[in-house]
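If you read the sequence from its start, that first residue is 1, and numbering goes on from there. Computation of the quantities below employed the complete heavy-atom set of this structure, encompassing side-chain atoms and omitting hydrogens, waters and symmetry-equivalent molecules. In listed order, ligands and their atoms are each counted from 1.
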Amino acid sequence: MSTALIILAAGQGTRMNSDLPKVLHPIAGAPMVVHAMRAGQTLDPERIVVVAGHGADQVKKAALGFDETVEVVLQSEQLGTAHAVAQARETLADFEGDVVVLYGDTPFISSDTLEALIAARQAHDIVILGFDAADPARYGRLVMEGDDLSRIVEFKDATEDERAITFCNSGVMAADAKTLFALIDEVGNANAAKEYYLTDVPAIARTKGLSATAVACDEAETLGVNSRAELAAAEAAFQARMRAEALDNGVTMQAPETVFFAYDTYIGRDTVIEPNVVFGPEVTVESGATLRAFSHLEGCHVSRGAIIGPYARLRPGAELAEDVRIGNFVEVKNATLDEGAKVNHLTYIGDASVGEATNIGAGTITCNYDGVFKHRTEIGARAFIGSDTMLVAPVKVGDEAMTATGTVVTSDVPDGAMAVARAKQETKPGLARRMFDRLRAQKARQKEKN
Ligand code: UD1
Ligand code: MG
């Protein structure tokens, strides 16, 4: 059976108090709507339709950035969840199969839950995902008759008895596409909110002799984000899960609560992550690496046995081979470092390649930017770059070449050569002492005057 996802993401999210559309607020480095898409991907959907409204252009860009096959439709006025789903009708006109409706601001539905939802479709026409709410608050209530869902009643429209129900609507729904769109045609807006409620669908289905049911999931999965406080809570929940998974996968962390992962961070077994390490998106770390305290990594690859930090920054395009060493206050961007290369202190390596076993001295800078263009620095294998070398790109330093400390390299250094480009030292005997004497005497005279 093929599946299409419809992800509702048109709402403004007033309570976020933000210029950014709610579904674009990130959790672990990815916008919420991308989390919803990722959750839905466990169903291997044939089509994904995102319904955008507020900030539609930005939402479209984020959705396409994650998956370029996504179709984005516009709901220019937010007239309710049923109206939102109806916006996908034309796009899915030729689609045969099940539709699963997800919310863009409910990022944590698990794959097991979605599979249970689809499994329940074997016996029922409409399946709703419900949860037992600790505090049912303003959620829609699921009115059950045994296994059958007779209807959903929105809080605003519910009687006292109905409000006492704690089994609530998560918003997730599965149904055959054609059936669902036909039922949505019959949804009206004669209710307390004057909205077209998707939640009217089960009751309408029942009047047509169709069956509806609800499957239950853990409340944590249906956590919706409506405010910054809920966003922070969602981030915390997500980080807790990522940390637990990393520990289970054989990663050592002395203080896991201080390590922040991105949604797609991959860490190999027997890697050690010291306290206060932060990951941006697209980081892969092989087995047996050490990420020392206070390092920040994004868009990079760290190979087996490498030691990074403390206080290192790896930026997008940093490709580190086995046993590379990156020390304190070193920044690496868009650069490959071959096996065993060492960059231990206070250095910037950007738009560069560094050959195997090359040693880069403290305070080295690849001067990659001329204010308009970026240029590359290529350094060979087993080379030695003296401390405080400025490599003015584009420039090449050969295998087993050296640069003297303080050298400004502006032209290529061939294999085995040594480049020295610095002012010659002059030493004046006794001059320092004479200067100190003069300056101290001057200070003493000033003190007497005051
Ligand atoms: C909805 C459900 C409620 C459920 C709750 C779970 C309805 C009528 N009610 O209520 O039963 O317990 O979610 O969180 O469905 N959206 C659009 N276009 C619209 C309206 C909404 O895209 O015109 C999107 C929103 O951006 C949001 C989602 O649909 O992602 C849910 O809308 P929201 O207004 O939050 O519905 P609730 O009142 O929370
Ligand atoms: Mg809501």
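- For ligand 1, the polar-atom distance check against G11 finds a nitrogen or oxygen pair separated by under 3.5 Å.
- Remark: the H301 side chain and the E286 side chain contain an N/O donor-acceptor pair separated by less than 3.5 Å.
- If you take CG on D218 and CG on D112, they are separated by 11.5 Å, rounding to the nearest 0.5 Å.
- The closest approach between S170 and ligand 1 falls below 4.0 Å for a heavy atom of the residue.
- Side chains of D67 and T69: a donor-acceptor N/O pair is present below 3.5 angstrom, by distance only.
- Close approach to Q78 involves these atoms of ligand 1, each under 4.0 Å from a residue heavy atom: 18 (N), 19 (C), 23 (O).
- Those atoms of ligand 1 with a heavy atom of A9 less than 4.0 angstrom away are 22 (O).
- Using cut-offs of 30° and 60° on the angle between ring planes, the pair Y263 and H35 is perpendicular.
- Ligand 1 places these atoms under 4.0 Å from at least one heavy atom of G140: 3 (C), 4 (C), 11 (O), 12 (O).
- Note that CG of L43 and OG of S2 are 12.0 Å apart. Values are rounded to the nearest 0.5 Å.
- Surrounding CG of D19 are at most 12 heavy atoms belonging to other residues, nucleotides or ligands under 6.0 Å away.
- Annotation: Y197 places no N or O atom under 3.5 Å from an N or O atom of ligand 1; distance criterion only.
- Defined by atom type and a distance below 3.5 Å, a donor-acceptor pair is present between the side-chain atoms of D132 and T166.
- Distances between N or O atoms of G171 and those of ligand 1 include no value under 3.5 Å.
- Side-chain contact check for Y369 and D351: no donor-acceptor pair (N or O, by modelled atom type) lies under 3.5 Å.
- The shortest contact between atom 35 (O) of ligand 1 and any protein heavy atom is with D105 OD2, 4.6 Å.
- Nearest protein neighbour of atom 20 (C) of ligand 1, counting heavy atoms only, is G80 C, 3.7 Å.
- Between Y103 and ligand 1, a contact under 3.5 Å exists for at least one N or O pair.
- Proximity of atom 33 (P) of ligand 1 to the protein is not indicated, since no non-hydrogen protein atom lies closer than 4.0 angstrom.
- More than 12 heavy atoms of other residues, nucleotides or ligands shown are found within 6.0 angstrom of CD on Q78.
- At a 3.5 angstrom cut-off on N or O pairs, A10 counts as close to ligand 1.
- Residue, atom and distance of the protein heavy atom nearest to atom 6 (C) of ligand 1 are N169 O, 3.4 Å.
- Which parts of ligand 1 touch A84 is read off a 4.0 Å heavy-atom cut-off, strictly below it: atoms 17 (C), 18 (N), 22 (O).
- Annotation for ligand 1: atoms under 4.0 Å from non-hydrogen atoms of Y139 are 6 (C), 12 (O), 14 (O).
- At least one protein heavy atom sits closer than 4.0 Å to atom 30 (O) of ligand 1.
- If you check the side chains of E154 and T199, you find a donor sitting under 3.5 Å from an acceptor.
- Residue contacts with ligand 1: G224 is excluded, as none of its non-hydrogen atoms falls under 4.0 Å.
- Distance check on atom 13 (O) of ligand 1: some protein heavy atom falls below the 4.0 Å cut-off.
- Ring geometry for F108 versus F238: interplanar angle under 30°, hence parallel rather than tilted (30 to 60°).
- At under 3.5 Å, not a single nitrogen or oxygen of I152, backbone or side chain, sits near a nitrogen or oxygen of ligand 1.
- A donor-acceptor contact under 3.5 angstrom links the side chains of E221 and T113, judged on distance only.
- Shortest contact from atom 7 (C) of ligand 1 to any protein heavy atom: T81 OG1, 3.4 Å.
- Of the protein's non-hydrogen atoms, Q75 OE1, 2.6 Å is the one closest to atom 18 (N) of ligand 1.
- A donor-acceptor contact closer than 3.5 angstrom is absent between the side chains of N334 and K374.
- Side-chain atoms of T389 and T364 form no donor-acceptor pair, as typed in the model, at a separation below 3.5 Å.
- Remark: among candidates K156, M173, E77, E154, the nearest residue to atom 9 (N) of ligand 1 is E154, based on non-hydrogen atoms.
- By the 4.0 Å N-to-carboxylate-O rule, D248 lies too far from R243 to be salt-bridged with it.
- Using a non-hydrogen distance threshold of 4.0 Å, V51 does not register as a contact of ligand 1.
- Nearest protein heavy-atom neighbour of atom 24 (C) of ligand 1: L8 CB, 3.8 Å.
- Residue-level proximity to ligand 1 for L79 is carried by the backbone, the only part with a heavy atom below 4.0 angstrom.
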